[in-house]
Every structure is written in C-alpha cells, then in structure tokens.
Chemist: 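Pasting in a structure now, in structure tokens, and then I'll have a few things to ask.
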Amino acid sequence: MSLGMAEDDSTSSEIQIPADIDWDMLDKSKFFFLGAGLFSGLSAALYPVVVLKTRQQVLSTPISCLNLSFSIMKHEGVRGFYKGFGTSLMGTIPARALYMAALEITKSSVGTATVRLGFSDTIATAIASAAAGLSSAMAAQLVWTPVDVVSQRLMVQGCNYNISNSSKHMNPSLNSCVYTNGIDAFRKILYADGPRGLYRGFGISIVTYAPSNAVWWASYSVAQRLVWNGISCYRNGKDEIAGRDGVGCGYRPDPKAMVAVQGMCAAMASGVSAIITMPFDTIKTRMQVLDGEENGRRRPLTVMQTFKNLVKEGGLGACYRGLGPRWVSTSMSAITMITTYEFLKRLSAKRDRT
C-alpha cells in the first residue's frame, strides 16, 4: 500500500506527484549508510545554533544571540561553537538509525491498518505519520538522552566566564566539573551519579519530543496535501472545471517545486512545534547540566525545582530563553531534514522501483 498521492491516474483530482516509498521498497543497507553521511553533514551545519540555544537556556540572565556569539568567538574561537560535537556526532548515527527505522516501519504498518479500517487516504496518512513520529522519537531518546547529557555538559563548559567578563550572567548551579572530552565526561558522570546521571531528563525529553514529533509529522503530511491541491487548483482552474463537468485536473511538478513545497510545509509544521515545546526543552536542558544543593552536597534537580528556579530568575518568560536559536535551528533542521530524507528514500529505493 502507498499512502502517497498516485502519479498514474490522469483523471485524479489530486496532484500527480511520485507515490511514497514504503519500508519494504527500500534497500536497507543503502538507506542507513547514506543516511548516516547525509545527516552527519546536516548536524555539523546546525551545531553552532544548538550551542547558542543551550547556553542561553542555562545562563541565569538573558543575553542576545549576537552578544553571546561575539563572546564565544572572542574567548574560545570557532572551536567554542563545536564543543561536544564529536560526542553528538557519534550518538547521532545510531539515534538516527533507530529514528528512521521506527518511523518507516510504524508509518507503513499503521497506514495499512487504518486504510483497512475504512479511513480515507488523507486521514490514514495523518494517523500513520503521527504514530510514526511518536514511536520514532521514543526509540531515538533511548540513545540520544545519554549523548545529549554528555554533549551539553561539554557545550556549556566556559560559559560562566565568556559573557563580556561579567559575573551577572553566571549560574551558580552550573556543574563545575571539568571534562577533557566526551569519554572523560561519560566516565565522570557515570562515577558521580551512576547510570541515572546519563539519563537525566529522560522523562521530560519524552514529553518534549514524542508529542511534538507526532504533531510535526501529522501536520507535515496534511500540509503537503493541502498545499499541493491548492497549487493544482490555481494552475489548472480545478474549481471551475469541477463545477462545470466534474472532471478533475492533474499537475506534475518538477523536482524544484517539490523541494520548495516540502521545505515550506516542514517550516510550517516546525514553527508551532517549537513554540509549544520550548518550556519543556528549557527545563530538560537545565536538568541535564545544572545541579542543586542539599545539605552541602550537589544533587540533580527535579522538574519542579528547575521550573521554580526559572520562574524566580525571570518569570514565565525565562522558559522561552533560546527560543530564537531553537526556532531557527528547528526550522532549518526540519527543512533540510525532510528534503534530505525524501531524497535519501529515492536514492535507497530498490532497483526494481526505478
């Protein structure tokens, strides 16, 4: 079964774009190998924005992206924008593999089941995409949370001294342990807090990413259909023709048009997701890199303690620190991810499909 819009029905009222490629149509080895390379390059391009977002979230007072960027460049150089990148990259490969496998398997199986239950193709696509986004996010977090904890500890090293030589931005709860690299950080976190230390914020990560992924994929699939059908109506006078004789129209877009529409729909889906989940992301980041103090001993913060500290520092608006970089990062990541992902699936299709 294909949930994509068919390309072989010339009288269909839907736009004629290549049908979706299901999981069983992919060359799995090529899919994962090419995916590792393509998404590693994507991670490298967006990593500096992630560093800015993370540092804004852990500082005790707001600072603009521009000032923060100048401070990092002045005190740490270009390398400051890539702290923890090696660790993040090593974790991205297995996490992305789990993500893509869970996404495709769930989308294919749930899509088939929903069509058999009598749902329309559009509704079946939305349901399958939402279920796929939910399961893929949960699967990826099993790998990504420990990587996130380690890489974010490395990201924020030095951010207490690089803000215009001022102490007013310092956060006293920032972990003072010095890490030489990702392996050293992994060992020290494991020694200090045990396995639970590597899974700090796992619950809030699931709350942040699983629902947002479900909403994103469902929104993306629906947005694509609406945009394509709107373009088809505009280009071919669909409403006028349908009103006169009930015959639909067809429009076959070129590759550039497909990429443009995919990117626009990805940005639309990611904008709302970023706003809704921003407070959860800020709390998650702080839980993973900041400590509390109890009876003279440093201890991990709970969700409520982290939230109270944020509100105390800057009211509810503090939960949205780093929204700008996160919005940019999420939108750019979504646009490049979905276009790369669709391109990857075309490259990985079995030869008998081409």
Chemist: Would you list the atom pairs, donor with acceptor, under 3.5 Å between side chains in residues 44-53 and any protein atom, with sequence neighbours excluded?
Modeler:
| unit_1 | atom_1 | unit_2 | atom_2 | d |
| --- | --- | --- | --- | --- |
| Tyr47 | OH | Lys83 | O | 2.5 |
| Tyr47 | OH | Gly84 | O | 3.3 |
| Tyr47 | OH | Phe85 | N | 3.3 |
| Lys53 | NZ | Asp281 | OD2 | 3.1 |

Chemist: Check Ala128 against Lys107 and note the closest heavy-atom contact, atom names and distance.
Modeler: CB-O, 3.6 Å
Chemist: Hey, does the side chain of Arg200 reach the backbone of Val289 with a donor-acceptor pair shorter than 3.5 angstrom?
Modeler: no
Chemist: Same cluster for Leu103 and Trp216 if Ile/Leu/Val/Met/Phe/Trp/Tyr side chains link at under 4.5 Å?
Modeler: yes
Chemist: Are Met287 and Leu316 in one and the same hydrophobic cluster, where Ile, Leu, Val, Met, Phe, Trp and Tyr link if side-chain heavy atoms are under 4.5 Å apart?
Modeler: yes
Chemist: Counting only N and O atoms by type, is there a donor-acceptor contact under 3.5 Å from the side chain of Lys188 to the main-chain atoms of Val178?
Modeler: yes
Chemist: Go through it in stages, so that I can follow the logic: the residues are Phe307 and Leu301, the test is side chain to side chain contact (heavy atoms under 4.5 Å, CB included), and I'd like the CA-CA distance, side-chain angles, deciding distance and then a yes or no.
Modeler: CA-CA 10 Å; Phe307 177 71; Leu301 292 165; over 6 Å; no
Chemist: Taking only residues two or more places apart in sequence, or in another chain, which ones meet Ile275 in a side-chain contact (heavy atoms from CB on, under 4.5 Å)?
Modeler: Trp327
Chemist: Is there a side chain to side chain contact (heavy atoms under 4.5 Å, CB included) between Val303 and Ile283? Walk through the geometry before answering.
Modeler: CA-CA 7 Å; Val303 172; Ile283 291 170; 4.2 Å; yes
Chemist: Who are the side chain to side chain donor-acceptor pair (under 3.5 Å) partners of Thr277, not counting sequence neighbours?
Modeler: Arg326
Chemist: If you link I, L, V, M, F, W and Y whenever their side-chain heavy atoms are under 4.5 Å apart, who else ends up in the same group as Ile335?
Modeler: none
Chemist: Going by side chain to side chain donor-acceptor pair (under 3.5 Å), name the residues that satisfy it together with Ser64, two or more places apart in sequence or in a different chain.
Modeler: Asn67
Chemist: With a 4.5 Å cut-off on side-chain heavy atoms, are Gln224 and Thr125 touching?
Modeler: no
Chemist: For residues Leu310 and Ile204: do they belong to one hydrophobic cluster (side chain heavy atoms under 4.5 Å, members Ile, Leu, Val, Met, Phe, Trp, Tyr)?
Modeler: yes
Chemist: Out of curiosity, Arg153 CZ to Leu290 CG, how far, rounded to the nearest 0.5 Å?
Modeler: 9.0 Å
Chemist: So which heavy atom on Ala266 is nearest to which on Ala334, and how close?
Modeler: CB-O, 3.6 Å
Chemist: Is a side-chain N or O of Ser212 found less than 3.5 angstrom from the main chain of Tyr209, in a donor-acceptor match?
Modeler: yes
Chemist: Which heavy-atom pair separates Thr282 from Ala318 by the least distance, and what is that distance?
Modeler: CG2-O, 4.1 Å
Chemist: As a quick check of understanding, evaluate side chain to side chain contact (heavy atoms under 4.5 Å, CB included) for Arg55 and Ile72, giving each step before the final call.
Modeler: CA-CA 10 Å; Arg55 291 202 177 191; Ile72 294 174; 3.7 Å; yes
Chemist: Only distances under 3.5 Å count here; give the side-chain donor-acceptor pairs of residues 87-99 to other protein atoms, sequence neighbours excluded, each with its distance to 0.1 Å.
Modeler:
| unit_1 | atom_1 | unit_2 | atom_2 | d |
| --- | --- | --- | --- | --- |
| Thr92 | OG1 | Ser88 | O | 2.7 |
| Tyr99 | OH | Asn213 | OD1 | 2.8 |
| Tyr99 | OH | Trp217 | NE1 | 2.9 |

Chemist: Can Leu154 be reached from Tyr199 by stepping across I, L, V, M, F, W or Y side chains whose heavy atoms are under 4.5 Å apart?
Modeler: yes
Chemist: Identify the two heavy atoms, one from Gln288 and one from Ser205, that lie closest to each other, and give their separation to 0.1 Å.
Modeler: NE2-OG, 4.0 Å
Chemist: Given 3.5 Å as the limit, does a donor-acceptor pair link the side chain of Gln152 with the main chain of Thr54, or not?
Modeler: no
Chemist: Counting C-beta onward and ignoring hydrogens, is there a side-chain heavy-atom pair between Cys319 and Met278 closer than 4.5 Å?
Modeler: no
Chemist: List the atom pairs, donor and acceptor, that lie under 3.5 Å between side-chain atoms in residues 135-146 and the rest of the protein, sequence neighbours left out.
Modeler:
| unit_1 | atom_1 | unit_2 | atom_2 | d |
| --- | --- | --- | --- | --- |
| Ser135 | OG | Thr106 | OG1 | 2.8 |
| Ser135 | OG | Ala131 | O | 3.3 |
| Ser135 | OG | Ala132 | O | 3.2 |
| Ser136 | OG | Ala132 | O | 2.8 |
| Ser136 | OG | Gly133 | O | 3.1 |
| Gln141 | OE1 | Thr145 | OG1 | 3.0 |
| Thr145 | OG1 | Gln141 | O | 3.0 |

Chemist: Could you go through the side chain to side chain contact (heavy atoms under 4.5 Å, CB included) check for Tyr220 and Met268 one step at a time?
Modeler: CA-CA 8 Å; Tyr220 172 74; Met268 289 166 59; over 6 Å; no
Chemist: Using the rule that Ile, Leu, Val, Met, Phe, Trp and Tyr join whenever any side-chain heavy atoms are under 4.5 Å apart, tell me whether Tyr179 and Tyr191 fall into a single cluster.
Modeler: no
Chemist: If you take all heavy atoms of Arg286 and Thr306, which pair is closest and at what distance?
Modeler: CB-CG2, 3.6 Å
Chemist: Taking the side chain as C-beta and beyond, is there a heavy-atom pair between Thr114 and Ile123 under 4.5 Å?
Modeler: no
Chemist: Not counting sequence neighbours, which residues clear ring-ring contact (aromatic ring centres under 6.0 Å, His included) with Phe81? List them please.
Modeler: none
Chemist: Which residues pass the side-chain contact (heavy atoms from CB on, under 4.5 Å) test with Leu117, sequence neighbours left out?
Modeler: Phe119
Chemist: For the CZ atom on Phe186, are there more than 12 heavy atoms of other groups (residues, nucleotides or ligands in this structure) within a distance under 6.0 Å?
Modeler: no
Chemist: Listed by chain and number, what are the side-chain contact (heavy atoms from CB on, under 4.5 Å) partners of Asn181, not counting sequence neighbours?
Modeler: Ile183, Asp184
Chemist: Considering all heavy atoms of both residues, which atom of Pro195 and which atom of Leu190 are nearest to each other, and what is their separation?
Modeler: N-CD1, 3.7 Å
Chemist: Are more than 12 heavy atoms, taken from residues, nucleotides or ligands other than Phe202, located less than 6.0 Å from that residue's CZ atom?
Modeler: yes
